[in-house]
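Each chain gets a letter, A, B and so on, in the order the sequences are listed, and its residues count up from 1.
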Amino acid sequence: MNSTVDTSASEQLHAFRSHTCGALRDNNVGETVRLSGWVHRVRDHGGVLFIDLRDHYGVTQCVCDPDSPVFSEIEKVRSEWVIRIDGVVKARDEESRNDALPTGAVEIYIRDMEVHGAANELPLPVFGEPEYPEDIRLKYRFLDLRRETLHNNIMKRAEIISSMRRRMIEEGFFEFQTPILTASSPEGARDFLVPSRMHPGQFYALPQAPQQFKQLIMMAGFDRYFQIAPCFRDEDARADRSPGEFYQLDIEMSFVTQEDVFQAVEPVLRDLFVEFADGQAVTESFPRIPYKTSMEKYGNDKPDLRNPIEMENVTEHFAGSGFKIFAGMIEKDEEVRVWAIPAPTGGSRAFCDRMNSWAQDQGQPGLGYIFFKDGAGSGPVAKNIGAERTQAIADQLNLKDGDAVFFVCGKPKSFLDFAGQARVRVGDELGLSETEGFKFCWIVDFPMFEWNEDEKRVDFSHNPFSMPQGGLEALETQDPLTINAYQYDIVCNGVELSSGAIRNHKPEIMEKAFDIAGYDRQVLEDKFGGMLRALQYGAPPHGGIAPGVDRIVMLLCGEPNIREVTMFPMNQQAQDLLMSAPSDVSAAQLRELHIRLNLPKDE
RNA sequence: GGGGGUGUAGCUCAGUUGGUUAGAGCGCUGGCCUGUCACGCCAGAGGCCGCGAGUUCGAGUCUCGUCACUCCCGCCA
């Protein structure tokens, strides 16, 4: 395989490469070089043959003609073989330059070659990256990862994480590791369990997040903690949620108010996005939107602010009006509201009817509307409520000829979801929503408790460790359902990026809060004994947040699916098709753990 | 656990009201080709039409069941 030609220069070269496949330029012309890489593409013209050789750094065109001592060997080379070539760098003439390639000014005349690793026929082509079924991509992930788009996504992910880490350290944060094997926690998601060999019948759990550890780190007298933390939850997947595991930029600080957390985190995220947004606009100063306001204006607690539409309460214009359906509902129940979804530029019957039939497809009775033309409101709703009320609605929402407005009526809780979807649809259909850029906001003042309708009791609405606004006094004197927590989210383009809180650091507040949620002292001690103990020996006021790394990378890569920004993801059934996980284990392994399988019987 | 979508060559897809021998492009194999960079030209291989039952003279096509993948709901403090 090795030829003896041209050895004087070749012998001084590194065993595998003198340059990477992305390195050579005009100024290397005349040099004898050695490259190793994957055969990206072969173009065989019989007499002359081109090989695009690829590595992590780029692609270089290599040429072989019949004068080359290794011509007959090069002819046998196929896609994705790993080979080494030696040759002389030559300038390409004007017509044959390839400006699309950084190395496109030169090419290498192959004088010697060696096969490092041949490849079987590919189950998944790399070149051209045609669409391929996901199970094949996952089974041959090492090939999939060679493809340019995915390779670039993973590199961008690495750069984003590296930038995050640098920014956190520059802000005076310290990176601490927390355990992977820990205790099962009673709240929240299902735990992944790991049997203990030394303690038969007992189990570790993988952390759903380092939540309790990061608080304990603050109680232990450290400050300004962060970690790119792996988190494990045994819950079903979504497109934007991998099954099993994901990463958070986990942050916690001592002696801070909510405002201090915002001041620390906002510039990190904003500047990170500016760095990787390729010139797209990023919110300079994140607006703060109370949870309640967000629900009323946008129908959810993670609004996409690229959509300019804000809903409004227009109940008064329908109460006692001639539009009997709404008027009757309002009269019967004081909780009933009518919300308006303004649709600037949507003022045509065709559009309004389209929205109405979409609503019916969604299982709604319909979607009432008024559209404005010739200085007046049109449509059945306008007819029924009369010109005066129609004008009042137009005035409130600042609507003019050519615009429309849609109405939903009922108890807000029951139509929130639908109203939010309608808002999104109106914005998209009318082209009112921006499609570029990153619009951030803080959602603040989440309720501390919520009513659990199934079990007819008060429950924690978010995080049992959060500090209620008003402290112990609020817990003792207020209706629990009116108490807000120092609990906040960061939302970007409709994606919930992170969730955080000022924590409760007083044991008596913790006891009272759990009491309200119906847990007695014994439960508290059993489940959160370590935390409760730590609170009793001098706990500092503290708080933090945990932005989701995978979702940040998805946004910055413009990918709708988390598997496109994860090196070795599992499929939606939580299987790793490359490594074959989960898998059976041997009887000996089970015996050692004192575990006997009791599998479900089917068929 | 539930709902929607998809399933035809290795891949992407076409396949008429049910009707003869199921097609195309890409990929693969072989041949030709001295300037390509999505190279080109010729030929070839490659099909349990996801699987199973049913209706029918006849099923890729219709019905039922089932499996796989995917998206969503539940779930994710």
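- Distance check on atom P: B/G50 versus B/G10 gives 13 Å, rounded to whole Å.
- Pair assignment for B/G47: none, as no Watson-Crick or G-U wobble contacts are both less than 3.5 Å.
- Residues A/M448 and A/S466 approach most closely at CE-O, 3.3 Å, considering heavy atoms.
- Residue A/D236 contributes atom CG, which lies 13 Å from atom P of B/U70 at whole-angstrom precision.
- Nucleotide B/U70 holds its P atom 14 Å from the CD1 atom of A/I562, rounded to whole Å.
- When the C1' atom is used for both B/C33 and B/C39, the distance is 10 Å, rounded to whole Å.
- Nucleotide B/G1 forms a pair with B/C73, judged by Watson-Crick or G-U wobble geometry with both contacts under 3.5 Å.
- Contact annotation for A/Q572: base contact, defined as any heavy-atom pair under 4.0 Å involving a base atom.
- Counting to the nearest Å, the P atom of B/C76 and the CD atom of A/Q248 are 15 Å from each other.
- For a distance-only test at 3.5 Å, the side chain of A/R241 qualifies as a donor-acceptor partner of the base of B/C75.
- Whole-Å rounding puts the A/Y132 OH to B/C69 P distance at 19 Å.
- The residue among A/A239 and A/P123 whose nearest nucleotide of RNA chain B lies closer to the 5′ end is A/P123.
- Atom C1' of nucleotide B/C75 and atom CD of A/Q208 are separated by 12 Å, given to the nearest angstrom.
- Rounded to whole angstrom, the span from the CG atom of A/N561 across to the C1' atom of B/C71 amounts to 10 Å.
- Looking only at atom types and distance, the side chain of A/N153 has a donor-acceptor partner in the side chain of A/E559 under 3.5 Å away.
- Atom CZ in A/R137 sits roughly 12 Å away from atom P in B/U12 (whole-Å rounding).
- When the side-chain nitrogen and oxygen atoms of A/Q573 are compared with OP1 and OP2 of B/C69, one or more of them lie within a distance under 4.0 Å.
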Are A/L497 and A/L555 close enough, and set up right, to give a side chain to side chain contact (heavy atoms under 4.5 Å, CB included), and what steps lead you there? CA-CA 10 Å; A/L497 270 194; A/L555 281 172; 3.9 Å; yes

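- Checked against a 6.0 Å centroid threshold, the rings of A/Y57 and A/W38 do not count as neighbours.
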Would A/F446 and A/Y486 count as a ring pair (Phe, Tyr, Trp, His ring centres under 6.0 Å) here? Give the steps. CA-CA 7 Å; A/F446 278 84; A/Y486 288 109; over 10 Å; no

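- Taking atom P in both B/C76 and B/U70, one finds a spacing of 23 Å when rounded to whole Å.
- Residue-level contact check: A/D99 touches neither bases nor backbone, having no heavy atom under 4.0 Å from any strand.
- Across all strands shown, B/C32 is found opposite B/G40 as a Watson-Crick or G-U wobble partner, with both distances under 3.5 Å.
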Audit row: A/R43, A/D52, salt bridge (Lys or Arg N to Asp or Glu O under 4.0 Å) steps and yes/no: CA-CA 9 Å; A/R43 291 178 298 280; A/D52 291 336; 2.9 Å; yes

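- Nearest to the side-chain atoms of A/R238 among the listed nucleotides B/C69, B/G74, B/C11 stands B/G74.
- Rounded to the nearest Å, the gap between the P atom of B/C72 and that of B/C49 is 32 Å.
- Between A/T60 and A/G22, the shortest heavy-atom contact is OG1-N, 4.3 Å.
- Of all nucleotides present, none satisfies the Watson-Crick or G-U wobble test against B/U17 with each distance under 3.5 Å.
- Two rings, from A/F460 and A/F514, have their centers less than 6.0 Å apart.
- Among the protein residues, A/E134 comes within range of the sugar-phosphate backbone only, with heavy atoms under 4.0 Å from sugar or phosphate atoms but none that close to a base.
- Taking atom C1' in both B/A38 and B/A43, the straight-line distance is 22 Å, to the nearest Å.
- Spacing between B/G23 and B/A45 at atom P, rounded to whole Å, works out to 13 Å.
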What string of B, S and - do you get for nucleotides 32-45 of chain B 5' to 3' if you count protein non-hydrogen atoms under 4.0 Å? -BSBBBSB------

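- We find that A/K292 and A/D445 are not joined by a salt bridge, their nearest charged nitrogen and carboxylate oxygen being 4.0 Å or further apart.
- Comparing the P positions of B/G46 and B/G4 gives an interatomic distance of 40 Å, to the nearest angstrom.
- Atom CZ in A/R563 sits roughly 10 Å away from atom C1' in B/C69 (whole-Å rounding).
- Taking a pair to require two hydrogen-bonding distances under 3.5 Å in either a Watson-Crick or a G-U wobble arrangement, B/C11 pairs with B/G25.
- Comparing the same atom, P, in B/U20 and in B/C67 gives a spacing of 33 Å after rounding to whole Å.
- Among the atoms of the strands shown, none is found under 4.0 Å from any heavy atom of A/D135.
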